Amino acid sequence: MTITDPSTTPNLDTTPVLLGTDGACSGNPGPAGWAWVASDGRFGAGGCPMGTNQIAELRAILLALQDFPNAPLTIQTDSAYSIGCCTTWKKGWQARDYRKADGKPVMNLDVIKPIHQLLDSGRPPVTFQKVKGHDLSNKWPLNTAADEQAVQAAAQSRAARADVLVHGSMTIPGS
């Protein structure tokens with residue numbers, strides 16, 4: 001495996017980088033993993049010994065935003081929750097100081113707030129695309145590859161009993 005730093009690879013045009021993201025959790029809560037996979041085979045993945053599936057889905061998006069600060073992105077994800085956190089609910093939550101319409105506090109703010117800060121930072125645009133997860137037709141190979149990397153990261157974190165972070169490149173099956 002080749003280890004690369006995606007932030008050192010400049011995106012010299014305005015064509016969005018296409019990424020699939022996914023999160024995985026072995027038990028909920030349990031060891032959690034998350035990953036993004038780019039259409040050129042680069043990937044980033046992380047894991048923690050204890051988390052939830054929703055946290056893992058959000059961390060995949062956060063890692064993608066951190067790893068591609070200067071590139072427009074199209075993020076394919078199977079998580080309607082994550083898309084809602086990043087788009088539909090964002091403005092209202094911010095206006096209500098991260099409280100829902102019913103006044104209850106928003107959950108997972110330790111991940112959501114950094115995502116919002118990055119999205120609001122003047123960075124190039126980010127578009128989210130809802131895809132079908134675990135699609136056996138392999139219509140969404142980046143999401144499938146991200147799921148595989150997320151599962152591996154969760155397993156690595158469980159074995160190490162510590163947080164893990166990995167960057168590398170891979171061949172994307174079916175692409």
Side-chain angles (χ1 to χ4, degrees), residues 5-7 17 19-38 42-131 133 142-143 146-168:
D5 180 356
S7 66
V17 176
L19 303 173
T21 64
D22 205 13
C25 202
S26 180
N28 201 16
W34 51 90
W36 59 260
V37 175
R42 291 178 290 166
F43 72 88
C48 63
M50 187 62 62
T52 65
N53 189 56
Q54 289 181 337
I55 289 170
E57 295 281 0
L58 289 167
R59 286 198 182 276
I61 291 171
L62 178 59
L63 184 60
L65 294 172
Q66 291 169 332
D67 285 348
F68 293 92
N70 301 314
L73 301 176
T74 297
I75 296 176
Q76 297 177 338
T77 179
D78 61 13
S79 172
Y81 169 75
S82 293
I83 292 172
C85 289
C86 296
T87 61
T88 309
W89 309 319
K90 179 177 164 287
K91 188 174 182 180
W93 285 350
Q94 289 172 324
R96 291 187 300 272
D97 196 28
Y98 289 94
R99 293 191 128 5
K100 297 179 188 177
D102 63 7
K104 293 180 182 174
V106 173
M107 302 292 291
N108 304 319
L109 286 181
D110 59 326
V111 185
I112 291 170
K113 280 186 174 183
I115 289 171
H116 288 183
Q117 289 168 346
L118 290 170
L119 291 172
D120 293 342
S121 69
R123 61 158 288 117
V126 177
T127 303
F128 294 89
Q129 181 182 14
K130 174 74 170 77
V131 300
L142 297 178
N143 179 260
D147 177 62
E148 292 167 3
Q149 291 298 324
V151 168
Q152 288 180 21
Q156 290 170 353
S157 180
R158 177 184 0 192
R161 295 186 177 156
D163 292 354
V164 297
L165 182 63
V166 178
H167 286 90

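Given the structure is predicted, the values throughout are model-derived calculations rather than measurements.
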- Task: Taking Asp22 for its side chain and Trp36 for its backbone only, find out whether a donor-acceptor pair lies under 3.5 Å.
- Result: no
- Note on the structure: Here the pair of heavy atoms bringing Gly51 nearest to Ala32 is CA-CB, 4.0 Å
- Return yes if some donor-acceptor pair links the side-chain N/O of His116 with the main-chain N/O of Cys85 below 3.5 Å, else return no. yes
- Query: How long is the span from the CD1 atom in Ile112 to the OG atom in Ser82, to the nearest 0.5 Å?
  - Reply: 8.5 Å
- Message: Working to the nearest 0.5 angstrom, can you tell me the gap between Asn108 CG and Glu57 CD?
- Response: 11.5 Å
- Query: Any side-chain heavy atom of Trp93 within less than 4.5 Å of one from Arg99?
  - Reply: no
- Any sub-3.5 Å donor-acceptor pair from Ser157's side-chain atoms to Ala162's backbone N or O? yes
- What pair of heavy atoms forms the shortest contact from Asp163 to Pro49, and how long is it? OD1-CD, 3.3 Å
- Item | Full working for salt bridge (Lys or Arg N to Asp or Glu O under 4.0 Å) between Arg59 and Asp110 | CA-CA 10 Å; Arg59 286 198 182 276; Asp110 59 326; 3.7 Å; yes
- Message: Counting C-beta onward and ignoring hydrogens, is there a side-chain heavy-atom pair between Tyr98 and Lys113 closer than 4.5 Å?
- Response: yes
- Query: Is the shortest heavy-atom distance from the side chain of Trp89 to the side chain of Val106 under 4.5 Å?
  - Reply: no
- Measure the spacing between CZ of Arg161 and SG of Cys48 and express it to the nearest 0.5 Å. 15.0 Å
- Query: Got Pro72 and Val126 here, is their nearest side-chain heavy-atom distance under 4.5 Å?
  - Reply: no
- Task: Give the minimum heavy-atom separation between Pro105 and Lys100, together with the two atoms involved.
- Result: O-CE, 4.0 Å
- Task: Measure the CG-SG distance between Leu65 and Cys86 for me, rounded to the nearest 0.5 Å.
- Result: 7.0 Å
- Query: Out of Leu62, Leu63, Thr21, which one pairs with Trp34 under the side chain to side chain contact (heavy atoms under 4.5 Å, CB included) rule?
  - Reply: Leu63
- Are any non-hydrogen side-chain atoms of Gln54 and Val111 less than 4.5 angstrom apart? no
- Query: Can you name the nearest heavy-atom pair linking Ala35 to Ala146, along with the distance?
  - Reply: CB-O, 3.5 Å
- Message: Between Val37 and Glu148, is there a side-chain heavy-atom distance shorter than 4.5 Å?
- Response: no
- Closest non-hydrogen atoms of Gln129 and Ile83, given as atom of the first, atom of the second and distance, are C-CD1, 4.1 Å
- Message: Counting C-beta onward and ignoring hydrogens, is there a side-chain heavy-atom pair between Ile115 and Lys90 closer than 4.5 Å?
- Response: no
- Item | Verdict with reasoning, Val166 to Gln149, per side chain to side chain contact (heavy atoms under 4.5 Å, CB included) | CA-CA 10 Å; Val166 178; Gln149 291 298 324; 6.0 Å; no
- Taking Arg42 for the side chain and His167 for the main chain, is one N or O donor matched with an acceptor at less than 3.5 Å? no
- Note on the structure: So CD of Gln76 and CG of Leu19: to nearest 0.5 Å the spacing works out to 8.5 Å
- Message: Rounded to the nearest 0.5 Å, what separates atom NZ in Lys104 from atom CZ in Arg96?
- Response: 13.5 Å
- Message: Within the structure provided, determine whether Ile75 and Phe68 are in side-chain contact (heavy-atom separation under 4.5 Å).
- Response: no
- Could you tell me which non-hydrogen atom of Pro124 sits nearest to which non-hydrogen atom of Pro69, and how far apart they are? CD-O, 3.6 Å
